[in-house]
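Notes follow the structure.
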Amino acid sequence: MKRVAVLGATGSIGRQALEVCDANPALEVCALASGSSDLAELERAYPNARAQVGGDLAGLLDAAEPDIVLNAVVGFAGLPATLWALERGITLALANKESLVAAGELALAAWERGGGLLLPVDSEHSAVFQCLEGRGREAVDSIVLTASGGPFRGRTRDELADVSVREALAHPTWSMGPKITIDSATLANKGLELIEAHFLFGLPYERIEVVIHPTSIVHSLVRFRDGAAFAHLGYPDMRVPISFALTYPDRAPTAIPPLDVASGLTLEFHAPDVEAFPLLRLAREAGVGGGTYPCVFNAANEVAVQAFLDGRIGFLDIGVTVEHVLENVDGARARDVHDLVEADAEARRLATVPVG
């Protein structure tokens, strides 16, 4: 029996993680956390689990003593739980990419000290992880992360000027929460995944490629030095990478049907349009810049996305805001978490200042 703490339990990933736990008798939910949503319904469903709305995630985890932490908290707020698990060598099933993007080298140092498992829950990184299993990193040439292109795939920058929140939330292939859905529409999500892949797999940015793949069947590819490429394919359903992480290394069965390759699958790929979707370019530049630039990118994007969801700025203003913030910070390396928190706060302050 593995004790699982589900953080972000009321969100899309959290609820699907609970489905996976319910279907697997070897998994016991020992803790539930939500940023602001009421947990009364889940407390009734999991009476033996410790539950907490907001507050100190590290304190909750100390009390719950999980074997696995499923971190699906949205944004920078997930950082304390990520560091808690990494420092202690507790298996971390990471859906909160923002904490690894923001913490970067500090998170890697904590992972090295703790020596535990870090299992990515993002479908793309889970795919890369599986393609790399049992293979030396020296054999890897490059990795390719796929993106559906979101609801605005193929549109020019001019055609994006007046898109609505409702349109941006209509993702064509994945069912996700509002923040990550907007990030998918702007390609900021793929930018965050690019930075996350750099830290997870230790590859330089020039060996991490992003391509548009509208059907979301191929989740990632790994190219090897001998010219071969391995791909991970499957229907777009987050329960697959969630189950892989929570039951690793057993690969437990799920309710997802196997891929029907005779059904007329179309596997189309093309390069992203970084003029229409500049956040992917800005993320790569932040990653290459290093220091706290990835943290700043993440913070500014969080503020701008919320402003868009609230109707205070337009869709294209998200990228304008993030670029403005990146141009007005020094990106100095964080010596500790205190420096990281300061960089995050400064980026958020700058992101709230009207641009132009």
Side-chain angles (χ1 to χ4, degrees), residues 73-83 86 94 96-110 157 179-180 182-200 202-206 208 210 272 274-310 312-356:
V73 174
V74 176
F76 188 77
L79 177 61
T82 290
L83 294 179
L86 294 176
L94 185 64
N96 172 253
K97 66 177 70 68
E98 296 92 340
S99 58
L100 188 56
V101 167
E105 294 176 1
L106 294 177
L108 294 184
R157 185 168 179 80
K179 196 269 182 181
I180 190 174
I182 300 301
D183 282 348
S184 295
T186 65
L187 293 191
N189 186 56
K190 210 51 53 177
L192 292 167
E193 290 178 0
L194 170 72
I195 299 171
E196 182 184 15
H198 165 74
F199 288 119
L200 278 173
L203 288 179
Y205 287 98
E206 63 269 21
I208 306 172
V210 172
V274 293
E275 181 180 346
F277 302 95
L279 281 155
L280 179 56
R281 169 182 59 82
L282 292 171
R284 185 178 288 276
E285 291 173 0
V288 171
T292 51
Y293 280 118
C295 175
V296 168
F297 173 88
N298 175 70
N301 181 63
E302 284 189 28
V303 171
V305 167
Q306 191 58 55
F308 173 68
L309 287 169
D310 293 342
R312 292 184 280 116
I313 64 172
F315 183 79
L316 292 179
D317 293 327
I318 300 173
V320 173
T321 300
V322 173
E323 187 161 24
H324 164 77
V325 175
L326 287 168
E327 289 174 348
N328 286 276
V329 297
D330 63 10
R333 182 175 176 270
R335 296 163 297 181
D336 51 31
V337 174
H338 174 74
D339 285 352
L340 205 62
V341 170
E342 285 196 343
D344 175 85
E346 176 64 6
R348 290 173 191 276
R349 185 189 69 79
L350 289 169
T352 61
V353 176
V355 178

(message) As a test of understanding, state which of L192, V288, I195 forms a side chain to side chain contact (heavy atoms under 4.5 Å, CB included) with P294.
(response) I195
(request) Name all residues meeting the salt bridge (Lys or Arg N to Asp or Glu O under 4.0 Å) criterion together with D336; count only those two or more places apart in sequence or in a different chain, and write none if there are none. (result) none
(message) I need the D317 CG to H324 NE2 distance, nearest 0.5 Å.
(response) 12.0 Å
(message) Under a 3.5 Å threshold, yes or no: a donor from one side chain and an acceptor from the other, between N189 and K97?
(response) yes
(request) Would you name the heavy atoms of P204 and H198 that are closest together and state the gap between them? (result) CA-ND1, 4.1 Å
(request) Output the distance between atom CG (L200) and atom CD1 (I208), rounded to the nearest 0.5 Å. (result) 9.5 Å
(message) Looking at every non-hydrogen atom in both residues, tell me the closest pair between F199 and L100 and how far apart they are.
(response) CD1-O, 3.9 Å
(request) Give the C-alpha distance, both sets of side-chain angles, the deciding distance and a yes or no for side chain to side chain contact (heavy atoms under 4.5 Å, CB included) between E196 and L94. (result) CA-CA 11 Å; E196 182 184 15; L94 185 64; 4.1 Å; yes
(request) Working to the nearest 0.5 Å, report the span between CG of L350 and CG of N328. (result) 6.0 Å
(request) Tell me, please, which residues at least two apart from V303 pass side chain to side chain contact (heavy atoms under 4.5 Å, CB included). (result) R348, A351, T352
(message) Pair N298, E302 - check side chain to side chain contact (heavy atoms under 4.5 Å, CB included), show working.
(response) CA-CA 6 Å; N298 175 70; E302 284 189 28; 3.0 Å; yes
(request) Search all heavy atoms of L83 against all heavy atoms of L106 and return the closest pair with its distance. (result) CD2-O, 4.5 Å
(request) Would you sort out whether N301 and K179 count as a side chain to side chain contact (heavy atoms under 4.5 Å, CB included), showing the intermediate values? (result) CA-CA 10 Å; N301 181 63; K179 196 269 182 181; 3.7 Å; yes
(request) Please list all pairs passing the side-chain hydrogen bond (donor to acceptor under 3.5 Å, both in side chains) test where one or both residues lie in residues 274-283, with sequence neighbours left out. (result) R281-E285
(request) Indicate the ring-plane relationship of F308 and F315, choosing parallel, tilted or perpendicular according to the 30° and 60° boundaries. (result) perpendicular
(request) Look at the side chain of R284 and the backbone N and O of L194, then say whether any donor-acceptor pair between them is shorter than 3.5 Å. (result) no
(request) Over all heavy atoms of both residues, which pair between A299 and D344 is shortest? Give the atoms and the distance, please. (result) CB-OD1, 3.3 Å
(message) Minimum heavy-atom separation for L340 and L79, please, with both atom names.
(response) CD2-CD2, 3.7 Å
(request) Could you list the residues that satisfy side chain to side chain donor-acceptor pair (under 3.5 Å) with D339, not counting sequence neighbours? (result) R335
(request) Please list, chain by chain and in numerical order, all residues satisfying salt bridge (Lys or Arg N to Asp or Glu O under 4.0 Å) with E342, sequence neighbours excluded. (result) none
(message) Under the rule for side chain to side chain contact (heavy atoms under 4.5 Å, CB included), what residues qualify as partners of Y293, not counting sequence neighbours?
(response) A286, L326, V329
(request) Could you pull out the closest heavy-atom pair between F76 and E98, with the gap in Å? (result) N-CB, 4.2 Å
